[in-house]
Amino acid sequence: MVQGYCVKCKAKCEMKNPTVLKTSRGGFMAQGNCTSCGTKMSAMMSEDNAMKAIKEGAKKSF
Ligand SMILES: [Zn+2]
């Protein structure tokens, strides 16, 4: 499960349909939608967490 900060809920929320991307600086981030309100959200993540998210079913986009 991927969590990110939702600006609308003003809280950490679970991400729906997360996609893991690689940033131009070589970091990883996930993009998806808030499960509570549907707002687009993103979260920076470590490589370990990125790989874990992909294993758990997140889309890989790099
Ligand atoms: Zn939300």
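The chain is numbered in sequence order, starting from 1. Every number for a ligand or one of its atoms is a count from 1 in the order of the listing.
Around the Zn ion (ligand 1), the protein atoms of type N, O or S that sit closer than 2.8 Å are C6 SG, C9 SG, C34 SG, C37 SG.
In the hydrophobic clustering, where aliphatic and aromatic side chains (Ile, Leu, Val, Met, Phe, Trp, Tyr) are joined below 4.5 Å either directly or transitively, L21 groups with M29, M44.
For K40, the side-chain contact (heavy atoms from CB on, under 4.5 Å) test picks out N33, with sequence neighbours left out.
Shortest non-hydrogen contact noted between M41 and C13 is CE-O, 3.7 Å. Closest heavy-atom contact between M15 and T35: C-CG2, 4.1 Å.
Going from atom NZ of K12 over to atom SG of C6 covers 13.0 Å, rounded to the nearest 0.5 Å.
Under the ring pair (Phe, Tyr, Trp, His ring centres under 6.0 Å) criterion, the residue pairs touching residues 22-42 are F28-F62, with sequence neighbours excluded.
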